[in-house]
Amino acid sequence: MPCNCCEITNSQFDESIAKGNLKDYLKKGPAKQTKLILEAIRSLKLKNVSLLDIGGGIGMIYHELMNDVINKAVHVDASSAYLKVAKEESTKRGYAEAIQFIHADFTDVEKDISPADIVTLDRVICCYPYYQNLLKAAAEHAKHAVVLTYPRENWYFKIILRIVNFFQKLRNDPFRVFVHPIQQIENLMKEHGFSRVANKQLFIWEMALYKKI
Ligand SMILES: C[S@@+](CC[C@H](N)C(=O)[O-])C[C@H]1O[C@@H](n2cnc3c(N)ncnc32)[C@H](O)[C@@H]1O
């Protein structure tokens with residue numbers, strides 16, 4: 001890996017961010033873009049399937065789907081703080097044993113991870129420079145569907161990210177955010193045998209559901 005991505009991401013998403021995210025989730029429910037992922041998964045009408053949640057943060061997706069759509073999950077995350085908070089919440093809810101928590105860059109450990117029925121990446125590829133490697137690995141691990149959210153490729157978000165990245169550079173913080181080309185995401189998923197069957201947009205985020213053809 002040409003960057004120490006896991007280390008950079010690990011320091012970016014620390015315990016205060018993770019605890020703040022959990023507090024918001026417990027108060028207001030899943031974030032808007034996560035709701036789009038949940039609706040897309042429910043539209044597949046699957047029951048008791050497996051989930052691979054890459055960069056799942058505090059685990060909102062499996063907290064919402066456990067004991068209904070999914071019966072087990074693997075959560076691979078570059079942030080140890082997110083994993084800790086996600087595990088504590090899963091323990092409280094009584095299903096921590098059904099979830100495997102792995103602290104890693106998914107592209108580094110993908111060979112040791114079994115395929116799952118559904119693979120999710122909620123606001124993950126925008127934190128990762130080598131999105132092709134990450135998406136390819138995600139597609140190769142999905143038996144039925146890949147659902148992801150990413151920033152819309154429009155001028156205002158590109159400007160916002162430039163400003164954010166400029167201040168990151170000034171602060172000597174190596175973490176960067178990315179708007180990856182949506183057409184290339186589409187092409188990569190097609191090459192791996194997936195077809196986009198749903199696509200919804202919010203002001204900043206876009207959700208795409210890819211099903212295996
Ligand atoms: C903006 S946060 C989103 C967290 C959660 N999905 C949500 O929407 O609340 C990005 C997440 O992606 C994770 N991440 C980024 N690149 C990753 C990679 N290559 N492998 C595993 N996790 C990654 C980060 O650690 C972090 O948990």
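As the structure lists them, so they are numbered: ligands from 1, and atoms in each ligand from 1.
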Subject >> Residue contacts for ligand 1, heavy atom to ligand atom, distance under 4.0 Å >> reply: T9, F13, G55, G56, G57, M60, V76, D77, A78, S79, Y82, A104, D105, F106, D122, R123, V124, C127, Y128, L134
**OP:** Could you tell me whether K35 and E39 make a salt bridge, using a distance below 4.0 angstrom between a side-chain N and a carboxylate O?
**Re:** no
Subject >> Any residue meeting side chain to side chain contact (heavy atoms under 4.5 Å, CB included) with D14, in chain and number order, not counting sequence neighbours >> reply: S16, I17
Original post:
How are the rings of F101 and Y62 set to each other: parallel, tilted or perpendicular (split at 30° and 60°)?
Top reply: perpendicular
**OP:** Any salt bridge (charged side-chain N to carboxylate O under 4.0 Å, His left out) involving residues 68-78? Give me the pairs, sequence neighbours left out, ordered by first then second residue.
**Re:** R42-D68, K47-D68
Original post:
So with a 6.0 Å cut-off around NZ of K23, is the heavy-atom count from everything else above 12?
Top reply: no
**OP:** With sequence neighbours excluded, tell me which residues meet ring-ring contact (aromatic ring centres under 6.0 Å, His included) with H192.
**Re:** none
